[in-house]
Amino acid sequence: PFGEPDFSYKRSNCKPIPAPMLLCRGIEYQSMRLPNLLGHETVQEVLEQASTWIPLVQKQCHPDTRKFLCSLFAPVCIDDLDEIIQPCHSLCEEVKESCAPVMSAFGFPWPDMLDCSRFPKDNDLCIPLASSDHILPVTREAPKVCDACKNKNEDDNDIVENLCKNDF
């Protein structure tokens, strides 16, 4: 029937995210688009390439590292939408700012394939940063010292001594 080849073409681009793909396990969507944003054309190629990025996610250099990488390796695929949904420029920049120094410490430069200038400015058709409510501050506040510890006497007992050593 008329129009069927176009529909089957879209379907062939959507593949289930494979269970062995640890990088993107448990993300909010189940289907990924192939070829992906990094030019990988097969699920096997995606599995091989994505696995090398798991250590960076484990370093927790930015709360959105996994989201950013999955948007590239396993871009969300919606049957009724022809357009590829890319990560926003700001998402890339924030992850790069936090994670490039970590990669550099291990001898890896930020790769050209993740050049942030290739991603769209923030709009409705790109994947944004998580809200700032979910981002933990990088710097820690100075530990609070309770009054008992400030006014410690020479004859205080071991309990107070141990209590004052704890970081609440």
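- Remark: Pro128 pairs with Cys88 by the side-chain contact (heavy atoms from CB on, under 4.5 Å) rule, at least two apart or across chains.
- Partners of Ser90 by side chain to side chain donor-acceptor pair (under 3.5 Å), not counting sequence neighbours, listed by chain and number: Asp122.
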Could you pull out every donor-acceptor pair under 3.5 Å between side chains of residues 107-120 and any protein atom, sequence neighbours left out?
from: Trp110; atom 1: NE1; to: Leu114; atom 2: O; distance (Å): 3.0
from: Asp115; atom 1: OD1; to: Ser117; atom 2: N; distance (Å): 3.3
from: Asp115; atom 1: OD1; to: Ser117; atom 2: OG; distance (Å): 3.2
from: Asp115; atom 1: OD2; to: Ser117; atom 2: OG; distance (Å): 2.9
from: Arg118; atom 1: NH1; to: Met113; atom 2: O; distance (Å): 2.5
from: Arg118; atom 1: NH2; to: Leu37; atom 2: O; distance (Å): 2.6

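- At least one donor-acceptor pair under 3.5 Å links the side chain of Thr65 to the backbone N or O of His62.
- In this structure a side-chain-to-backbone donor-acceptor pair under 3.5 Å is present from Asp64 to Ala130.
- The shortest distance between side-chain heavy atoms of Met103 and Leu56 falls below 4.5 Å.
- At a threshold of 4.5 Å between non-hydrogen side-chain atoms, the residues Gln86 and Leu72 do not count as touching.
- Here the closest non-hydrogen pair linking Arg33 and Glu83 is NH2-O, 4.0 Å.
- Looking at heavy atoms from C-beta onward, Glu93 lies in side-chain contact with His89 at the 4.5 angstrom threshold.
- The one candidate from Val43, Thr42, Asn13 that meets the side chain to side chain contact (heavy atoms under 4.5 Å, CB included) condition with Leu34 is Val43.
- Gln44 is linked by a side chain to side chain donor-acceptor pair (under 3.5 Å) to Glu48, counting only residues two or more places apart in sequence or in another chain.
- Looking only at side-chain heavy atoms (C-beta outward), Ser51 and Leu22 stay at 4.5 Å or farther from each other.
- Considering only residues two or more places apart in sequence or on other chains, Val76 meets the side-chain contact (heavy atoms from CB on, under 4.5 Å) condition with Tyr29, Ile78, Ile85.
- Taking both residues in full, the closest heavy atoms of Cys61 and Ser98 are given as O-CB, 3.1 Å, listed atom of the first, atom of the second, then distance.
- Closest of all the heavy-atom pairs between Phe73 and His40 is CE2-CE1, 3.6 Å.
- Residues satisfying the side chain to side chain donor-acceptor pair (under 3.5 Å) criterion with Glu45, sequence neighbours excluded, are absent altogether.
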